Amino acid sequence: MNLHEYQGKKILASFGVAVQNGIVANNIDEAVSAAEKLTADTGTSWHVIKAQIHAGGRGKGGGVKLAKSLDEVKSISGQIIGMQLITPQTPPEGKKVNKVLIAEDVYYPGDSEPKEFYVSVLLNRSTGNNMIMYSTEGGMDIEAVAEKTPELIFTEEIDPAHGFQSFQARNVAFNLGLSGVAFKGMVKFITALYDAYVGADASLFEINPVLKTSDEKIIAVDAKVTLDDNALFRHKEYAELRDLSEENPTEVEAREVGLNYVALDGNVGCMVNGAGLAMATMDLIKQSGGSPANFLDVGGTADAARVETAFRLILKDPNVAAILVNIFGGIVRCDRVAQGIVDAYKNMGDAIKVPIIVRLQGTNADIAKKLIDDSGLNVLSAIAFEEAAQKVQEALLLSS
Ligand code: GDP
Ligand code: MN
């Protein structure tokens, strides 16, 4: 689950990570009172107004602006709230901004030496270890740094048997070229950050930039936080941070009915049982000249109600030109699934306008094929994988 910057910063702060102070606002009035409160609390009279959307690169797109007075807080938040913000990470049409974070300006006026670092915590999937990745080149595109000056990116891998070691925190501060108060500040920052990563069951923290102010403070200015969905049951208080307006509506609906659905941009809808078979099916679709419109794992019980729900979800995508159902009948018998498909199809009347190719393999596959063939519906059956691929290809040719 992805979070907004303001939500991520709250979680970081709750673990003792130093973050730039800020208050979220839904409209101009709230923005102004947030700025007044920050001035009272911190003494700052300058504020940054930051668009809250699930995408980075906001600065480049005009979604992060400095306000030097309350009048500017008013006018800038008026510009940003409601705008369609386009950044290198949004879809081409951008994303609508519903909230702004009003934050204290931590790049002090006249500060000649703010230093921006890059710090992330993530799982290194090839070693299976958590890893801290960091660089002196913060504030910019880390991909560009990785390409042009990979020697400026450092990593610390955390051995799960030992946990995060204090020498690793000192490595970070040292490699970032810090000394004195800022060195100690970075050690404290990194230690708290790693604690937060583990404690919150996060799968990604990306803090870009981490700022060293001219008075040697180390603080998180930005925060991209992704939490592990599979651990949310342990964090009821985080589950409500989900912003449904940032997510694909069909994925949201699928999650509500307990189906594993991921939207993709192809033309062949797939309904499969088991994640591994779903991946293989997507490869099969590619090989037969199509491209998968989704990943959908219907799980073990493919009864009529579930199959119908899955059909309806898949058909919400207007790009779907054919549907491939690929079910292995191991625990569930193929004839039961076939009956489920026939019942769902009949029940949906004329809602299904695209050809459906059904491949059922496993227990009672023959009976299942016969059931489909005798149903008189626009459903093509197959038992072999290749035969199914062939039929998908034919269906796409006919529909194009
Ligand atoms: P992103 O563009 O979505 O990554 O948003 P960031 O939170 O990283 O902000 C973008 C840039 O805005 C930062 O790299 C800073 O240069 C600038 N910025 C952020 N906070 C402040 C601030 O408090 N004062 C000033 N003057 N600039 C800031
Ligand atoms: Mn950033």
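Every number for a ligand or one of its atoms is a count from 1 in the order of the listing. Keep in mind that the numbers below use all heavy atoms, side chains included, and drop hydrogens, waters and symmetry copies. In this text the structure is predicted, and so the values were computed from the model without any measurement.
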Next item on the list: Answer side chain, backbone, both or neither: which part of K50 comes under 4.0 Å from ligand 1, heavy atoms only.
Entry: side chain
Check: Within a distance of under 4.0 Å, is there any protein heavy atom near atom 11 (C) of ligand 1?
Finding: no
Next item on the list: Please work out whether any backbone atom (N, CA, C, O) or any side-chain heavy atom from C-beta onward of V106 is under 4.0 Å from ligand 1, and answer side chain, backbone, both or neither.
Entry: both
Notebook entry, point to check: Below 4.0 angstrom, N of the basic side chain to O of the carboxylate: do K50 and E5 qualify?
Noted result: yes
Margin query: Taking the basic N atoms (NZ, or NE/NH1/NH2) and the acidic carboxylate oxygens, is any pair closer than 4.0 Å for K68 and D105?
Written below: no
Item checked: atom 2 (O) of ligand 1: the protein heavy-atom neighbour that sits closest, reported with distance to 0.1 Å -> G59 N, 2.8 Å
Next item on the list: Identify the protein heavy atom lying closest to atom 18 (N) of ligand 1, giving its residue, its atom name and the separation to 0.1 Å.
Entry: Y107 CE1, 3.9 Å
Next item on the list: Identify the protein heavy atom lying closest to atom 19 (C) of ligand 1, giving its residue, its atom name and the separation to 0.1 Å.
Entry: V221 CG1, 3.5 Å
Margin query: Quick test: of every protein heavy atom, which one is nearest to atom 4 (O) of ligand 1, and how far off is it to 0.1 Å?
Written below: D222 OD2, 3.1 Å
Notebook entry, point to check: Closest approach of E251 and Y261, non-hydrogen atoms and distance?
Noted result: CG-O, 3.5 Å
Notebook entry, point to check: Does some non-hydrogen atom of H47 fall short of 4.0 Å from ligand 1?
Noted result: no
Margin query: Within this structure, what is the NE2-OG distance for the pair H47 and S77, rounded to the nearest 0.5 Å?
Written below: 11.0 Å
Note to self: So, regarding D105 and ligand 1 (criterion: nitrogen or oxygen to nitrogen or oxygen, under 3.5 Å), is there a contact or not?
What the structure shows: yes
Next item on the list: Restricting to N/O/S, name the atom of D222 that gets closest to the Mn ion (ligand 2).
Entry: OD2
Check: Can an N or O of P209 be found at a distance shorter than 3.5 Å from an N or O of ligand 1?
Finding: no
Checklist line | Pair D373-S381, side-chain donor/acceptor within less than 3.5 Å | finding: yes
Next item on the list: Could you find the nearest protein heavy atom to atom 14 (O) of ligand 1 and give me its residue, atom name and distance?
Entry: E116 OE2, 3.3 Å
Notebook entry, point to check: Does T87 offer a backbone N or O that forms a donor-acceptor pair with the side chain of T90 under 3.5 Å?
Noted result: yes
Next item on the list: Using a strict cut-off of less than 4.0 Å between a Lys/Arg side-chain nitrogen and an Asp/Glu carboxylate oxygen, indicate whether K369 and D335 qualify as a salt bridge.
Entry: no
Check: Which is it for N208 and ligand 1 at heavy atoms under 4.0 Å: side chain, backbone, both or neither?
Finding: backbone
Next item on the list: Check whether any heavy atom of A103 sits under 4.0 Å from an atom of ligand 1.
Entry: no
Margin query: Considering non-hydrogen atoms of the protein only, which is the closest contact for atom 5 (O) of ligand 1, and what is the distance?
Written below: R58 NH2, 3.1 Å
Notebook entry, point to check: Backbone or side chain, does any N or O of V64 fall under 3.5 Å from an N or O of ligand 1?
Noted result: no
Note to self: Between the side chains of R255 and E247, is the shortest nitrogen-to-carboxylate-oxygen separation below 4.0 Å, so that they form an ion pair?
What the structure shows: yes
Notebook entry, point to check: For the residue pair C270 and L296, what are the closest heavy atoms and their distance?
Noted result: O-CB, 3.2 Å
Margin query: Using heavy atoms and a 4.0 Å limit, tell me yes or no: is Q20 in contact with ligand 1?
Written below: yes
Next item on the list: Please report the closest heavy-atom contact between G61 and L85, naming both atoms and the distance.
Entry: O-CD1, 3.2 Å
